[in-house]
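For reference, the structure is listed below as structure tokens.
First the proteins, then the strands, lettered A, B, ... as listed; each starts at 1.
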Number of protein chains: 2
Amino acid sequence: MESLQPIKRASLHGTVVERLRDLITEGHVPPGEKINEKALCEAYGVSRTPLREALKVLASEGLVTLTPNRGATVAEITERDLDEVFPILMALEGLAGEAACARMSDAAIRQLRVLQDEMEGHYEAGDRAAYFQTNQAIHEAILEGCENQTLIATHRALAGRVRRARYLANMSPARWKQAVEEHAAILWAIEARDGARTAQLLREHLSNKRETLRG
Amino acid sequence: MESLQPIKRASLHGTVVERLRDLITEGHVPPGEKINEKALCEAYGVSRTPLREALKVLASEGLVTLTPNRGATVAEITERDLDEVFPILMALEGLAGEAACARMSDAAIRQLRVLQDEMEGHYEAGDRAAYFQTNQAIHEAILEGCENQTLIATHRALAGRVRRARYLANMSPARWKQAVEEHAAILWAIEARDGARTAQLLREHLSNKRETLRG
DNA sequence: ATAATGAATTTTGTATGCAAATTCAAATCC
DNA sequence: GGATTTGAATTTGCATACAAAATTCATTAT
């Protein structure tokens, strides 16, 4: 019975963390931008205490930079950061893909196929925003498939840091086509439950993604 | 000139984060233990504000559990947590070992040899505490060697969660001997700058470590 | 004796207050 | 005119205050 579930009382600081995290990872606040506590407090209608707690958490996630006595800024993403993060994402997604092949239900894999078809539709239509979103959903679904909450959380934190960079990057038509094909191959490997191949393809896919982001 | 370096003004909450993190990862506070804010405030001589900010950060690192309106407890480590964390640590340390082989200076590798000899000395002497500490230092030195700050930070956060478990586990004499031998092999691979082999050996070493913790 | 009730106490979550540091700009000097 | 100084206005960091929730504990009812 749903009515017997514990009522989720969202704490203010928790809500603020989520709102701010979305704001930053979705790219609505440019990197390097100063975060004014007072202004944000008024915008959200909360006092400085929960806001500052949220900023500390986001700083530990690497989304904001805290400078003593100077407050918070949205963290910048350097080329070096991308060089650091992508090898880790490759390792993590490879690991997740391998586990997902072993653990995902057939139904979950069919759902992945639905997403893939949907994404190919966005590609055909040339809808970059929708493509990007479905792409994101596919990567997350594979991660969910590994059923390792720690891996999911670790990946999410790192992926969040570079999501903005991926938003901004506009792929060439050739690269876009290639990316869709890579995704198709990944899905075949998953449907065949070939863990090693899935891992390998995911790593290559991410490696290529890194190259398209290179400035 | 040292006198011209910026004076590092440690923020209170940052200091509290470090102190509390050590307290928990070193196992001085048992998992599940309730964290009383008032008591900790008095012990550290700080007010609740910086302490609570620190707790939020540690919660996002997975070291403490925050329950709405009920405060903080030291996070428990379940077998399932270990099953989740170790595969990730294997992937991360493998990645770090591979990079370290390519990037570490000869001097740094010689320093690693010093640590290895030191650790073998502790093994001969049967000094588990000292062995554990040097062991830790070796793993950290390899991580440092990869020169990937993001990888170092990600690894540190995950390793911190299971450090307590490793403290508690007492290896059998046979397993202890094997662990020392594994470390020797890892160092040979690093000295030969054989990245692939180093990665492989590190993953196996961690996999074995996981097995000794089981039960 | 045990369980249930509810008032007193403690603890938590958020807001506010205050001192120190930083920023910005007008005023000063070269 | 441009650089430098100085002081008011912000802004930050920490402490404290207060309301809501949870816990404790004595009291009552079964």
Side-chain angles (χ1 to χ4, degrees), chain A residues 3-24 29-76, chain B residues 3-24 29-76:
Chain A
S3 53
L4 286 182
Q5 275 184 240
I7 298 152
K8 59 163 179 247
R9 284 158 300 193
S11 63
L12 259 190
H13 76 263
T15 313
V16 173
V17 166
E18 286 170 28
R19 295 267 307 258
L20 260 180
R21 181 162 39 210
D22 285 349
L23 212 63
I24 295 172
V29 191
E33 178 113 330
K34 179 127 193 6
I35 294 174
N36 187 303
E37 290 181 6
K38 194 150 155 276
L40 257 184
C41 285
E42 285 167 12
Y44 284 164
V46 300
S47 80
R48 284 176 59 218
T49 306
L51 180 77
R52 286 172 56 79
E53 288 173 350
L55 288 175
K56 302 281 181 302
V57 170
L58 293 174
S60 89
E61 288 180 14
L63 286 178
V64 313
T65 306
L66 255 40
T67 316
N69 293 323
R70 278 188 210 179
T73 57
V74 177
E76 313 249 11
Chain B
S3 53
L4 286 184
Q5 274 182 241
I7 298 154
K8 61 160 176 248
R9 287 157 297 191
S11 62
L12 258 190
H13 77 263
T15 313
V16 173
V17 166
E18 286 170 28
R19 296 267 306 260
L20 259 181
R21 180 162 39 210
D22 286 349
L23 211 63
I24 294 172
V29 191
E33 178 115 328
K34 180 136 195 357
I35 295 174
N36 186 303
E37 290 183 5
K38 194 148 157 278
L40 257 183
C41 286
E42 283 167 14
Y44 284 164
V46 301
S47 79
R48 284 176 61 217
T49 306
L51 179 77
R52 287 173 54 80
E53 288 172 349
L55 288 176
K56 300 280 181 303
V57 171
L58 293 174
S60 90
E61 288 180 14
L63 285 177
V64 312
T65 306
L66 256 40
T67 316
N69 293 322
R70 281 188 205 181
T73 58
V74 177
E76 313 251 12

Scan nucleotides 5-9 of chain C against the protein and return all N/O pairs shorter than 3.5 Å with their distances rounded to 0.1 Å.
none

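Note on A:H13: every side-chain N or O is 4.0 Å or more away from OP1 and OP2 of C:dG13. In this structure, A:N69 does not reach the C:dA20 phosphate: none of its side-chain N or O atoms is under 4.0 Å from OP1 or OP2. Listed pair B:R70 / C:dT12 fails the phosphate criterion, with no side-chain N or O lying under 4.0 Å from OP1 or OP2. Between A:K34 and D:dT12 there is a side-chain N or O to OP1 or OP2 distance below 4.0 Å.
The stretch residues 37-50 of chain A touches DNA chain C through A:V46, A:S47, A:R48, A:T49, A:P50, each having a heavy atom under 4.0 angstrom from the strand. Residues from residues 51-66 of chain A placing a heavy atom under 4.0 Å of any atom in DNA chain C do not occur. Of the residues in residues 16-24 of chain A, not one comes within less than 4.0 Å of DNA chain D through any heavy atom.
Under the rule for a side chain to side chain donor-acceptor pair (under 3.5 Å), A:T65 has no partner lying at least two apart in sequence or in another chain. A:I35 pairs by the side-chain contact (heavy atoms from CB on, under 4.5 Å) definition with A:L40, A:L55, A:V64, A:A72, A:V74, not counting sequence neighbours. Under the side chain to side chain donor-acceptor pair (under 3.5 Å) criterion, B:S60 pairs with A:S60, not counting sequence neighbours.
Following rounding to the nearest Å, A:N36 (CG) and C:dT22 (C1') show an atom-to-atom distance of 13 Å.
Here A:L58 contributes atom CG and A:L66 contributes atom CG; the two are 9.5 Å apart, rounded to the nearest 0.5 Å.
Annotation: the terminal axes of the helix from C:dA1-D:dT30 to C:dC30-D:dG1 meet at 10°, where each axis is the rotation carrying the C1' atoms of four end pairs onto the next four (5 pairs per end, rounded to 10°).
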Atom pairs and distances, donor-acceptor, side-chain atoms in residues 12-20 of chain A, under 3.5 Å, two or more places apart:
from, atom 1, to, atom 2, distance (Å)
A:T15, OG1, A:S11, O, 2.9

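Under a cut-off of 6.0 angstrom, the local environment of NZ in A:K34 is crowded, with over 12 non-hydrogen atoms contributed by other residues, nucleotides or ligands.
Taking both residues in full, the closest heavy atoms of B:A75 and B:P31 are given as O-CB, 3.5 Å, listed atom of the first, atom of the second, then distance.
Listed by first and then second residue, the salt bridge (Lys or Arg N to Asp or Glu O under 4.0 Å) pairs that reach into residues 47-65 of chain B are A:R52-B:E53, A:E53-B:R52, A:E53-B:K56, A:K56-B:E53, B:R21-B:E61, B:E37-B:R48, B:E37-B:R52, sequence neighbours excluded.
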